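Here the structure is laid out as structure tokens; the discussion comes afterwards.
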Amino acid sequence: MKPPLSLLNPSMLSGSGSLMWFRKGLRVHDNPALEYASRGSTCVYPLFVIDPHYMVLDPNAYSPGSTRAGINRIRFLLESLADLDSSLKKLGSRLLVLKGEPSEVLIRCLNEWDVRKLCFEYDTDPYYQALDDKAKNYASAAGIEVFSPVSHTIFDPADIIEKNGGRPPLSYQSFLKLAGEPSFSLSVELSWMPPVGDVGRCEILQVPTLKELGYVEKHQDEFTPFRGGESEALRRLRESLSDKEWVANFEKPKGDPSAYIKPATTVLSPYLKFGCLSSRYFYQCLKDVYKNVKRHTSPPVSLVGQLLWREFFYTVAFGTPNFDEMKGNKICKQIPWNDDDKLLAAWREARTGYPWIDAIMVQLRKWGWMHHLARHSVACFLTRGDLFVHWEKGRDIFERLLIDSDWAINNGNWLWLSCSSFFYQV
Ligand SMILES: Cc1cc2nc3c(=O)[nH]c(=O)nc-3n(C[C@H](O)[C@H](O)[C@H](O)COP(=O)(O)OP(=O)(O)OC[C@H]3O[C@@H](n4cnc5c(N)ncnc54)[C@H](O)[C@@H]3O)c2cc1C
């Protein structure tokens, strides 16, 4: 068994530096990559690269934000980074923020800094798969060890696919059967970290403000009430778990999608998206609550069941080529959707004339979060229910505006709601 980090003496360390590359996984609790980076290293470089495409104001976008993300998600990310920086400082370290194309910046850092180990959380999204291949190739040619554990999800999607003969399971029940009970152990809690190494000529930034990224006050009318960061994630989690009866009796889709003051579900999705909250820790906390109550609900409707929906979509998305498109996607029905951009704009701008649909689209714009049933309503309305507009167009708008926008879950649910996959009505 490895000794807890708190028991290691810095003077016993072997004389090598590690680079901890944060992307998602913006937390110090249950972070195996951070734990490994800290173990046995004389210094650790905790790096986050700001990709201008993701963060910097695009004045031509249809909503305030960058080319790829709405302002609410950018604000949420900046808050999460500031919170991470403050947690790292409490451990004797800090976040090193650099700006630029992520693979170029990373390679420059690996080149210039004293790095023997490169550590980052494994990511199944196609964007990160391509980025990580570049990073791994560079590191292995330079003789740098790479450690990239699966900790964004409870299960390793590749394991489930392998158990199923190389194909992803296409129903929730078959996923549950294959997955069984998870076997992770949470990583140890850090009580200190090795110091940051010499950064040489690299110009390290503070976590920027929205203003520094080009946003002015008029861009900030859209203001989500949900604050980013690990501290807020853990506070929200504690608050939800404190009502054991509520956790034990949780049953979706029961619950009021128009409960705005106190939403009917946990609103932990944006924290899971950015990894401010570990899904494994969340799962373990729920299991602990279940041990102490007489009866509790079960998947698919229980809270554990919700986390397993997340695992299900991650697994199918990882194992399905062209998962985010209709063309070339073997599990997607080929449907002659219409291409009416006027209908799409009316939906996007809350001008359909249906008060319930328009209210939800206003909530999407203002908060970047809506209850699951509200998402159902507007996705169904845009696609098979009424306007017959292509699900990929609605998906794009959610992808930009949601604070919890998640490649696997968003595409999976749009495929489902448009009756393109998983759930058909002939
Ligand atoms: C069209 C459409 C698009 C969606 N896009 C996203 C998205 O981009 N990102 C996202 O996180 N969720 C998405 N969802 C799923 C779901 O609506 C949200 O996860 C949920 O409403 C988040 O609120 P919560 O954290 O309070 O959920 P809770 O009910 O408290 O559930 C806890 C966690 O379980 C997971 N979860 C819950 N429902 C689902 C589900 N149906 N599929 C997968 N995981 C689930 C989430 O991580 C959630 O935070 C989408 C749903 C629809 C219908």
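The basis for the numbers below is simple: all heavy atoms, side chains too, and nothing from hydrogens, waters or symmetry mates. Just so you know, ligand 1 is whichever comes first in the structure, and atom 1 is the first atom listed for that ligand. These numbers were taken from a predicted model, which means no experiment stands behind them.
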Q. Any salt bridge between Glu325 and Lys327, counting N to O under 4.0 Å?
A. no
Donor-acceptor pairs under 3.5 angstrom involving side-chain atoms of residues 87-94: please list them, not counting sequence neighbours.
{"unit_1": "Ser87", "atom_1": "OG", "unit_2": "Asp83", "atom_2": "O", "d": "3.1"}
{"unit_1": "Lys89", "atom_1": "NZ", "unit_2": "Asp85", "atom_2": "OD2", "d": "2.9"}

Q. So do the side chains of Leu213 and Leu78 get within less than 4.5 Å of each other, counting heavy atoms only?
A. yes
Q. Is any side-chain N of the basic residue among Glu104 and Arg108 closer than 4.0 Å to the acidic one's carboxylate O?
A. no
Q.
A cation-pi test, strictly: NZ or CZ of Arg68 under 6.0 Å from the centre of the six-membered ring of Tyr127 and no more than 45 degrees from its axis. Yes or no?
A. yes
Q. Exactly which residues line ligand 1, taking a heavy atom under 4.0 Å from it as the test?
A. Phe250, Lys252, Thr265, Thr266, Val267, Leu268, Ser269, Leu272, Leu303, Gln306, Leu307, Trp309, Arg310, Phe313, Trp369, Met370, His372, Arg375, His376, Ala379, Phe398, Leu402, Asp404, Ser405, Asp406, Ile409, Asn410, Asn413, Trp414, Leu417
Q) Rounded to the nearest 0.5 Å, how far apart are NZ of Lys252 and CG of Leu373? A) 8.0 Å
